[in-house]
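Before any comments, here is the structure.
Position 1 is the first residue of the sequence, and the numbers go up from there.
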Amino acid sequence: MTTTLTTRAIAATVAAMLAAPAFAGPTYENSTGGSFTWYGQFDPAFQYYDDGAETYSRLVDNSGSNSRIGFRLKQAYGENTLTFAFETAFGLRSSYSVNQTSKGDNVSWSRTNLRHVDFQFDTARYGRFSAGQGSMASDGIAFADASGTGLAAGTAVADPAGGYAFRTAGGALSTVSVGDAFKDYDGSRLGRVRYDSVNFNGFTFSASYGTDILKTNNDRETYDVAVRYSNDELGDFGFDAALGAAWTEETGKADIRDVAGSFGVEHKPTGLSLTVAAGERDIAGSYAYAKLGYSANLISAGSTSFSVDYYDGSDTVTSGDSAESWGVAAVQKVDKYNVEAYLAYRDYSYADTSATNYQDSNVILAGARWKF
């Protein structure tokens with residue numbers, strides 16, 4: 001593919017999003033404290049992947065923040081609130097699912113695309129109780145991020161190209177994919193019961209138990225705990241942090257324990273930020289991740305953010321292997337249209353203790369997320 005065609009594809013993707021109408025999902029209220037709100041987002045992207053021998057160009061849905069739609073029904077009961085939430089991904093072809101041998105289906109919706117079908121009961125004194133398909137307590141613990149570029153670059157470094165396989169030095173496709181080598185050990189979404197405490201001086205504690213109700217022929221069970229801290233008023237600094245652990249059991253597979261955590265700090269007068277994350281799976285695999293970011297209001301349309309990051313992992317596929325990635329990203333907000341345009345470049349390298357040598361690969365992801 002020529003550079004001109006690549007540039008045109010990027011420009012077309014961003015221009016299409018900037019032309020989208022600006023409207024937010026309406027909220028309807030009744031006279032007894034009830035409300036209905038719908039919302040969604042559309043996040044198409046252009047993906048250009050170079051595996052060291054061949055290049056591939058695809059129009060995809062950004063796996064880092066996929067296209068989705070949902071609604072919330074709320075009803076107040078005194079100082080308490082009952083909420084029913086429904087949210088589903090559209091099932092568009094994701095940046096994580098395509099690879100060298102398959103473009104995948106343009107649209108392929110299944111029940112595993114359901115993100116939330118759950119009830120939440122918020123109490124002023126005792127916290128929140130949740131039941132149904134939704135986020136486990138540890139979902140999101142690896143992604144505390146103050147850079148403003150989380151849409152285009154984050155701890156989940158495999159998202160832009162996770163399905164692609166590394167090529168060997170001889171040019172053959174290996175059995176090791178980007179997604180195999182680069183893990184974040186973040187929590188998941190399951191059919192679960194969950195409890196979140198009230199806020200204690202910025203700290204929130206969570207616990208949940210869940211099972212995979214959307215997939216057939218499995219008996220996966222997970223229980224987890226997490227603690228989060230958020231404070232945007234530490235003088236000139238804003239701070240977010242999370243730490244969690246999850247235990248999973250499934251017949252025919254080894255029991256696993258995942259531990260992950262992250263924090264992001266922003267120096268608000270300068271717009272500089274630092275993000276750090278790390279995680280470990282007890283039976284195999286660990287990583288560390290760091291990102292430096294900068295945000296400023298360079299144009300009147302909205303804030304502009306830049307970042308550079310680095311990921312270092314080991315033992316994720318086989319004992320003694322190593323996985324490294326670095327990336328740069330830029331995100332431009334267009335507040336009038338609820339759009340965030342982004343451009344990111346990421347490089348991947350992998351090595352193990354076998355006699356096989358693997359070629360480095362890289363990906364460019366360019367697109368825009370429109371929230372409505």
Student check: side-chain heavy atoms of [X] and [Y] closer than 4.5 Å:
{"X": "Tyr56", "Y": "Lys103", "result": "no"}
{"X": "Val178", "Y": "Phe166", "result": "yes"}
{"X": "Thr316", "Y": "Asp321", "result": "yes"}
{"X": "Phe129", "Y": "Phe119", "result": "no"}
{"X": "Tyr287", "Y": "Val157", "result": "no"}
{"X": "Gln75", "Y": "Tyr77", "result": "yes"}
{"X": "Ile299", "Y": "Gln332", "result": "yes"}
{"X": "Lys253", "Y": "Arg220", "result": "no"}

How many angstroms lie between [atom1] in [X] and [atom2] in [Y], if you round to the nearest 0.5 Å?
{"X": "Asp139", "Y": "Asp224", "atom1": "CG", "atom2": "CG", "value": "9.0 Å"}
{"X": "Asp186", "Y": "Met136", "atom1": "CG", "atom2": "CE", "value": "11.5 Å"}
{"X": "Ser307", "Y": "Tyr294", "atom1": "OG", "atom2": "OH", "value": "14.0 Å"}
{"X": "Arg115", "Y": "Arg189", "atom1": "CZ", "atom2": "CZ", "value": "4.0 Å"}
{"X": "Phe205", "Y": "Asn199", "atom1": "CZ", "atom2": "CG", "value": "10.0 Å"}
{"X": "Glu340", "Y": "Ser305", "atom1": "CD", "atom2": "OG", "value": "9.0 Å"}

Check: [X] side chain, [Y] main-chain N or O, donor-acceptor pair, under 3.5 Å:
{"X": "Thr211", "Y": "Ile213", "result": "no"}
{"X": "Ser63", "Y": "Tyr96", "result": "yes"}
{"X": "Glu54", "Y": "Gln100", "result": "no"}
{"X": "Ser262", "Y": "Ala144", "result": "yes"}
{"X": "Asp180", "Y": "Val317", "result": "no"}

Single-linkage hydrophobic cluster, 4.5 Å side-chain cutoff, Ile364 and Phe46 together:
yes
May I ask you to decide whether Arg346 forms a salt bridge with Asp309, counting only side-chain N to carboxylate O separations under 4.0 Å?
yes
Which residue, Tyr345, Tyr289, Tyr348, forms the ring pair (Phe, Tyr, Trp, His ring centres under 6.0 Å) with Trp326?
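Among the candidates, only Tyr345 passes.
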Which residue, Tyr28, Phe36, Trp38, forms the ring pair (Phe, Tyr, Trp, His ring centres under 6.0 Å) with Phe71?
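Going through Tyr28, Phe36, Trp38 one by one, the ring pair (Phe, Tyr, Trp, His ring centres under 6.0 Å) with Phe71 is satisfied by Phe36 alone.
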Minimum heavy-atom separation for [X] and [Y], please, with both atom names.
{"X": "Tyr185", "Y": "Ala260", "value": "O-CB, 3.5 Å"}
{"X": "Arg192", "Y": "Ser135", "value": "NE-O, 2.9 Å"}
{"X": "Phe90", "Y": "Val107", "value": "O-CG1, 4.0 Å"}

Does the side chain of [X] pick up a donor-acceptor pair with the side chain of [Y] at under 3.5 Å?
{"X": "Ser174", "Y": "Thr168", "value": "no"}
{"X": "Asp118", "Y": "Ser130", "value": "no"}
{"X": "Ser206", "Y": "Asp196", "value": "yes"}
{"X": "Thr248", "Y": "Thr222", "value": "yes"}
{"X": "Asn80", "Y": "Tyr126", "value": "no"}
{"X": "Tyr310", "Y": "Glu324", "value": "yes"}
{"X": "Asn62", "Y": "Tyr342", "value": "yes"}
{"X": "Ser230", "Y": "Asp240", "value": "yes"}
{"X": "Thr251", "Y": "Asp219", "value": "yes"}

Does Arg72 make a cation-pi contact with Tyr39, if we ask for NZ or CZ under 6.0 Å from the ring centre and within 45° of the axis?
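Cation-pi check for Arg72 and Tyr39: passes.
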Are more than 12 heavy atoms from other residues, nucleotides or ligands located less than 6.0 Å from atom NZ of Lys268?
yes
Quick one, Tyr229 with Phe203, criterion ring pair (Phe, Tyr, Trp, His ring centres under 6.0 Å). Give me CA distance, side-chain angles, the key distance, then yes/no.
CA-CA 4 Å; Tyr229 177 75; Phe203 287 93; 4.5 Å; yes
Do Ser67 and Asp61 pass the side chain to side chain donor-acceptor pair (under 3.5 Å) test, and can you show the C-alpha distance, the side-chain angles, and the key distance before you say yes or no?
CA-CA 7 Å; Ser67 299; Asp61 197 45; 2.6 Å; yes
Using the benzene-type ring in the case of Trp, are the ring centres of Trp370 and Phe42 under 6.0 Å apart?
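They do not qualify: ring centres at least 6.0 Å apart.
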